[in-house]
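Everything below concerns the one structure shown next.
Numbers restart at 1 for each chain; the letters A, B, ... are given by sequence-line order, proteins then strands.
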Protein chains: 2
Amino acid sequence: MARVRISDVAAAAGVSVTTVSLVLNDVESRISAETRERVRAAAAAVGYAPSSVARGLRQQRTNTVGLISDQIATTPFAGRMLAGAQDVARENGKLVFLVDTSGDRVVEDAAIRALAAQQVDAMIYAAMWHRVVPVPESLPADAVFLDCRPEGGGRRSVVPDDHAGGVAAVRELVAAGHERIAYVDAVPGPGRPIAADLRLAGYREVLADAGIAADPLWHVHGEMSARGGRDAADQLLALDDARRPTALFCFNDRMAAGAYLAVRARGLRIPHDISIIGYDDQQLIAAEQDPPLTTVALPHYEMGRWAMEVALGIRVGETDATHQMECPVIRRDSVGPPPAHVGKQNRRRASQHTERSRDATPER
Amino acid sequence: MARVRISDVAAAAGVSVTTVSLVLNDVESRISAETRERVRAAAAAVGYAPSSVARGLRQQRTNTVGLISDQIATTPFAGRMLAGAQDVARENGKLVFLVDTSGDRVVEDAAIRALAAQQVDAMIYAAMWHRVVPVPESLPADAVFLDCRPEGGGRRSVVPDDHAGGVAAVRELVAAGHERIAYVDAVPGPGRPIAADLRLAGYREVLADAGIAADPLWHVHGEMSARGGRDAADQLLALDDARRPTALFCFNDRMAAGAYLAVRARGLRIPHDISIIGYDDQQLIAAEQDPPLTTVALPHYEMGRWAMEVALGIRVGETDATHQMECPVIRRDSVGPPPAHVGKQNRRRASQHTERSRDATPER
DNA sequence: CTGAAAGCGCTAACAA
DNA sequence: TTGTTAGCGCTTTCAG
């Protein structure tokens with residue numbers, strides 16, 4: 001069955017193609033209501049659907065946007081970014097081209113060129129975790145960076161505010177009355193996420209702020225997996241009673257899940273004996289723990305929306321700077337007050353911090 | 001900076017646009033090697049990139065394919081399907097339009113029409129879990145269904161072979177020497193995945209085949225979550241010694257993770273006291289358990305590839321039937337022989353099944 | 001209020 | 001071996 005063209009509609013309605021185009025595109029014009037009606041009826045009757053290809057050629061806009069990513073399709077929560085971007089696109093009548101480069105620079109370059117050849121109206125360059133990315137040479141200057149920062153800056157980008165997230169997490173613990181708070185960190189060295197340093201800074205800031213002298217032994221490292229978290233947490237639990245932390249801030253939920261194992265192995269209970277807070281809010285991990293894990297959520301969906309909104313020019317006035325998006329604390333059941341026999345003398349000071357943690361978003 | 005057109009290249013090379021088109025598209029033709037070289041140089045010099053929009057209009061093929069899905073972007077492992085489809089597309093110089101409808105029929109219909117207007121060369125309709133889907137009216141007849149079966153059949157589709165997967169899982173257990181094997185199933189009623197019934201059938205088949213009379217109490221149900229799995233498994237563990245199963249086949253990995261909890265709560269060890277096998281191979285769950293969970297993998301990546309290959313006509317000769325794709329057993333550490341004090345007398349028979357389980361894909 | 005016609009950038013008959 | 005030219009289906013001046 002051959003494609004039905006605008007001329008078919010024109011013929012059916014007994015008017016010119018101009019008229020059809022005018023009414024179907026709602027161009028403010030002086031087409032009589034009667035003709036308008038006739039054209040619409042004819043279009044419906046013959047089952048007309050305009051060719052966006054022809055329209056794209058004529059108007060030089062295709063109503064499509066390209067989304068290039070290293071692995072957006074294969075990482076669990078990054079799909080949320082896609083969904084956010086996708087929703088905004090749809091709300092605005094755009095279709096999105098998705099290209100997953102699996103991190104291959106050659107593929108990436110080819111993809112960007114292919115997208116440019118398609119005359120996409122905008123491009124978004126996404127990473128699956130917060131990091132600094134080299135800017136592909138062929139990438140248009142107005143592309144927006146999603147969940148990554150362009151090397152050298154000077155481009156619009158959106159990333160999670162991991163510093164504020166670290167602050168929020170530790171404040172949550174302080175507010176519950178904890179003073180001996182440990183940070184179960186990722187391993188130093190290359191491959192270390194910048195988020196790890198940002199969250200660490202937040203951790204230190206809150207402790208200093210609360211007048212708590214952090215014991216260096218409370219800062220432990222492990223691989224970013226359940227096993228790594230378990231081993232790192234175990235070091236903490238092995239400390240003698242006077243130094244053993246009552247609360248753990250884990251770099252991510254996988255490590256937190258490992259910490260659960262270490263805690264359980266020693267016959268301790270969460271949150272009765274020890275409180276744990278994670279990061280990422282990975283549904284399959286955090287919500288399924290026993291007890292469910294309190295954590296800090298990565299705002300993937302919102303970042304996806306933001307990126308698409310600025311890419312389409314819906315959200316204006318954004319400077320060429322990096323936008324930091326808030327990471328909210330998701331309260332579940334893994335944080336409680338410290339055991340009665342420790343730190344009682346500081347309860348008063350702790351409650352001041354409770355007040356504080358109720359403030360609005362931490363500044364910065 | 002204005003777009004550079006083919007005529008610009010022609011001018012720069014001192015030839016006609018035809019010549020440029022011919023050499024740049026490698027059309028077997030009698031263009032002299034010298035001219036060819038000159039054209040290529042000119043194209044590179046002016047930075048020419050052909051407009052796929054114009055080409056699409058002219059050739060009536062756009063080298064794009066549309067992928068409609070209910071929630072492909074937001075479910076963890078379904079991203080693998082996208083990756084598979086994506087890879088095949090890229091290998092063939094196609095770009096894929098992704099549309100996530102969040103299950104909204106109106107959005108879905110609009111998306112299909114938009115894709116048709118874009119003149120995509122093919123369409124794939126994907127679901128995020130194996131089920132029967134109503135066929136959208138506007139969907140082209142040659143669209144291929146991914147991870148779902150079209151209501152009424154008669155379309156090309158690919159789904160996991162959940163029956164064979166169930167068989168493989170239970171054979172794995174039988175091969176290890178188990179006879180008291182339970183199935184931790186999803187709850188009956190609406191919303192029950194068809195995979196649950198298929199796997200159940202596989203379970204029954206293998207037991208019957210092995211001459212094991214299944215105790216009806218070994219078939220328990222629970223919500224498809226860790227909590228549901230824990231509660232269901234606990235019913236099994238509460239059975240008296242003579243009937244308590246030594247191995248659990250869980251409908252999915254989440255439920256298996258719950259079973260771990262139940263086992264641990266009773267002070268039992270995996271796989272020493274009880275063996276567990278899951279389904280799905282959700283990385284974040286299965287690989288991170290302690291011990292790592294043996295499970296059956298859903299071949300998402302392969303299904304994605306298959307769908308794209310038939311959509312593009314690369315894989316030919318596929319009938320209008322449903323293609324079932326093998327689900328391989330992923331061996332980790334949660335399956336071992338049953339405790340020494342049970343079922344010893346049957347060791348011999350069990351070993352026959354070991355032989356059997358080494359066969360190629362189970363027939364059906 | 002409506003229509004004729006040009007042209008978006010490209011490919012492919014057909015000519016030369 | 002290369003060039004001319006007619007569209008692909010649509011939007012949009014410009015005339016009527």
B:D142 side-chain N/O to B:A122 backbone N/O, donor-acceptor pair under 3.5 Å: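 Checking the backbone N and O of B:A122 against the side chain of B:D142, no donor-acceptor pair under 3.5 Å is found.
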
B:R156 side-chain N/O to B:V144 backbone N/O, donor-acceptor pair under 3.5 Å: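 Pair absent, no side-chain N/O of B:R156 close to backbone of B:V144.
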
Could you state the [atom1]-[atom2] distance from [X] to [N], rounded to the nearest angstrom?
X	N	atom1	atom2	result
A:L57	D:dG7	CG	P	17 Å
B:R5	C:dG7	CZ	P	12 Å
B:I31	C:dA12	CD1	C1'	13 Å
A:I6	C:dA5	CD1	P	17 Å
A:Q118	C:dC8	CD	P	20 Å
A:R61	D:dT11	CZ	P	11 Å
B:R58	C:dA13	CZ	P	8 Å
B:Q119	D:dC8	CD	P	13 Å

Polar contact flag, side-chain donor to acceptor under 3.5 angstrom, A:S16-A:T19: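 Yes.
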
No-hydrogen, no-angle side-chain donor-acceptor test under 3.5 Å, A:Q118 and A:T62: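 No, no side-chain donor-acceptor pair sits under 3.5 Å.
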
Would you indicate which nucleotide in [options] comes nearest to any side-chain atom of [X]?
X	options	result
A:S51	D:dC10, C:dC10, C:dT2	D:dC10
B:Q59	D:dT1, D:dC10, C:dA12	C:dA12
A:T19	C:dG3, D:dT11, C:dC10	C:dG3
A:S16	C:dC10, D:dT2, C:dA4	C:dA4

Most 5' of B:R36 and B:V17 on DNA chain D, judged by nearest nucleotide: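 With B:R36 and B:V17 compared, the 5'-side residue is B:R36.
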
Partner of B:H300 under side chain to side chain contact (heavy atoms under 4.5 Å, CB included), chosen from B:M81, B:R305, B:M325: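 The residue from B:M81, B:R305, B:M325 that satisfies side chain to side chain contact (heavy atoms under 4.5 Å, CB included) with B:H300 turns out to be B:M81.
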
Name the nucleic acid region contacted by [X], choosing base, sugar-phosphate or nothing; use a 4.0 angstrom heavy-atom cut-off, strictly under.
X	result
A:S21	base
A:T18	base
A:V15	sugar-phosphate

Below 4.0 Å: OP1/OP2 of D:dT11 and any side-chain N or O of A:Q60: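 No, outside the criterion.
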
